[in-house]
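Step one of this worksheet: look at the structure below.
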Amino acid sequence: MFTGLSAFPLTPMNEDGIDTVAYAGLVRRLADAGVDSIGALGSSGSYAYLSREERARVAHIAVESAGTVPVMIGVGALRTRDVLLLAEDAQKAGASAVLLAPVSYNKLSAEEVYSHFEAVTRNLSIPLCVYDNPGTTNFQFSDELHGRIAQLPNVRSIKIPGMPLDPQEAKARVDRLRALIPAHVSIGVSGDWFGAIGLNAGCEVWYSAWGGLFPRALLEITRAAQRGDAQEASQLLERLCPLWDLVARQGGSLRVMAAAAELLGLVKSPCLPLPLKAIQGPDRAHLAELIASLELQ
Ligand SMILES: N[C@@H](CC=O)C(=O)O
């Protein structure tokens with residue numbers, strides 16, 4: 001399951017908690033578009049804002065609605081004990097894999113992160129993807145730590161943030177990591193504007209937030225890269241630059257994705273867990289124009 005496009009849907013909320021109908025619709029839409037896997041409860045799925053019960057509910061709906069498409073469930077939490085419970089819930093829901101970020105409040109040491117992954121993988125019976133996302137966890141993995149964690153049982157993929165923009169430097173980055181991790185562990189790129197460069201540099205999977213909303217456009221890029229058409233993949237991604245510029249201006253994808261989902265009528269407004277809010281004002285109007293002009297669907 002750790003190849004191609006892994007799409008990360010939003011988790012829409014309403015006044016009662018999870019908007020289960022809208023969520024099932026978002027997941028079915030991804031499965032119908034033909035994504036290779038679905039990443040439920042990633043950062044785009046607001047995992048850090050939800051209770052254990054809400055997360056278990058989301059995991060069940062994701063697996064049920066995805067049909068035959070494998071589902072990976074985010075199980076990150078501050079305490080190892082809570083991660084173990086969340087991983088148990090994900091396995092009970094029928095998840096194909098779990099995604100684990102070293103969530104922190106106090107800055108974690110490399111040894112603490114290693115022990116955390118060691119404890120979780122020891123208790124898992126499904127694959128795990130290591131979620132490297134310093135922007136939200138405040139933890140910077142070294143390549144050496146990735147190499148150590150990748151040797152643990154059940155580790156099958158690493159989701160790395162970003163990529164050098166120069167193709168040769170990107171390839172060197174992937175090659176350096178590849179030399180440290182076993183062949184059965186795939187390397188995935190995230191940060192959507194790096195998708196084509198990462199796949200072209202040898203990443204096997206694109207972990208994509210916007211793939212959770214516009215699967216067809218991002219699948220086109222993924223398939224071009226997979227068939228070796230690096231130029232086509234880069235050009236298709238560059239076409240979306242105005243969207244990436246808007247995301248950069250807003251400091252991340254989540255609030256922009258929420259507004260896009262609301263504009264498309266895929267979720268009701270407001271759809272994010274408070275205090276988060278979808279973008280409003282001129283940038284929201286600009287987003288509506290972009291969705292139309294870029295023919296995103
Ligand atoms: N980081 C995103 C996915 C890829 O960009 C998420 O966790 O939702």
Side-chain angles (χ1 to χ4, degrees), residues 1-13 23 26-27 29-30 35-50 55 58-59 62 66 69-77 83 86 90 95 97-104 128-141 157-163 186-199 203-215 217-219 221-222 225 237 240 243-244 246-248 250-261 266-267 271-273 276 278:
M1 68 174 286
F2 298 111
T3 58
L5 181 68
S6 186
F8 283 62
L10 295 164
T11 305
M13 309 294 289
Y23 187 64
L26 288 180
V27 173
R29 188 167 166 270
L30 298 178
V35 302
D36 299 295
S37 65
I38 291 171
L41 295 171
S43 305
S44 330
S46 318
Y47 75 94
Y49 293 82
L50 306 181
R55 290 171 72 162
V58 168
V69 179
V71 174
M72 175 164 77
I73 305 285
V75 294
V83 174
L86 290 161
V98 294
L99 173 69
L100 177 58
V103 176
S104 74
L128 177 140
C129 173
V130 177
Y131 188 175
D132 177 352
N133 189 356
T136 56
T137 61
N138 197 25
F139 179 78
Q140 196 81 45
F141 279 86
S157 187
I158 302 177
K159 175 181 185 300
I160 55 170
M163 198 52 63
S186 78
I187 301 175
V189 61
S190 68
D192 281 335
W193 38 101
F194 302 109
I197 198 129
L199 291 170
C203 290
E204 288 97 348
V205 50
W206 181 7
Y207 293 112
S208 168
W210 282 92
L213 198 56
F214 298 126
L218 275 69
L219 268 171
I221 299 167
T222 308
L237 192 83
L240 303 179
L243 179 61
W244 311 140
L246 175 56
V247 167
Q250 286 290 334
S253 284
L254 181 62
R255 296 174 179 87
V256 187
M257 280 179 66
L266 297 171
V267 301
C271 73
L272 291 178
L276 298 174

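Not measured: the values here are computed from a predicted model. Atoms within a ligand are numbered from 1 in the order they appear, just like the ligands themselves.
Contacts with ligand 1 closer than 4.0 Å are made by backbone heavy atoms (N, CA, C, O) of S208 only, the side chain lying farther away.
To the nearest 0.5 Å, atoms OG (S44) and CG (L254) are separated by 6.5 Å. The OG atom of S37 sits 7.5 Å away from the CG atom of L5 when rounded to the nearest 0.5 Å. With values rounded to the nearest 0.5 angstrom, I197 atom CD1 is found 10.5 Å from C203 atom SG.
Residue M13 is tested with V267, L50, L276 for a side chain to side chain contact (heavy atoms under 4.5 Å, CB included); the sole match is L50.
Ring orientation note: the planes of F139 and F141 are nearly perpendicular, at an angle over 60° on the 30°/60° scale.
Under a 4.0 Å criterion applied to the non-hydrogen atoms of G191, ligand 1 contributes the atoms 5 (O). Heavy-atom proximity to Y131, at under 4.0 Å, picks out these atoms of ligand 1: 1 (N), 2 (C), 6 (C), 7 (O). Of all atoms in ligand 1, listed by their number and element, those nearer than 4.0 Å to a heavy atom of S190 are 4 (C), 5 (O). The atoms of ligand 1 that sit less than 4.0 Å from any heavy atom of A209 are 3 (C), 4 (C), 5 (O).
Protein heavy atom closest to atom 8 (O) of ligand 1, with residue, atom name and distance, is S44 OG, 2.4 Å. The shortest contact between atom 4 (C) of ligand 1 and any protein heavy atom is with Y207 O, 2.9 Å.
In this model, a donor atom of one side chain and an acceptor atom of the other lie less than 3.5 Å apart for Y131 and S43.
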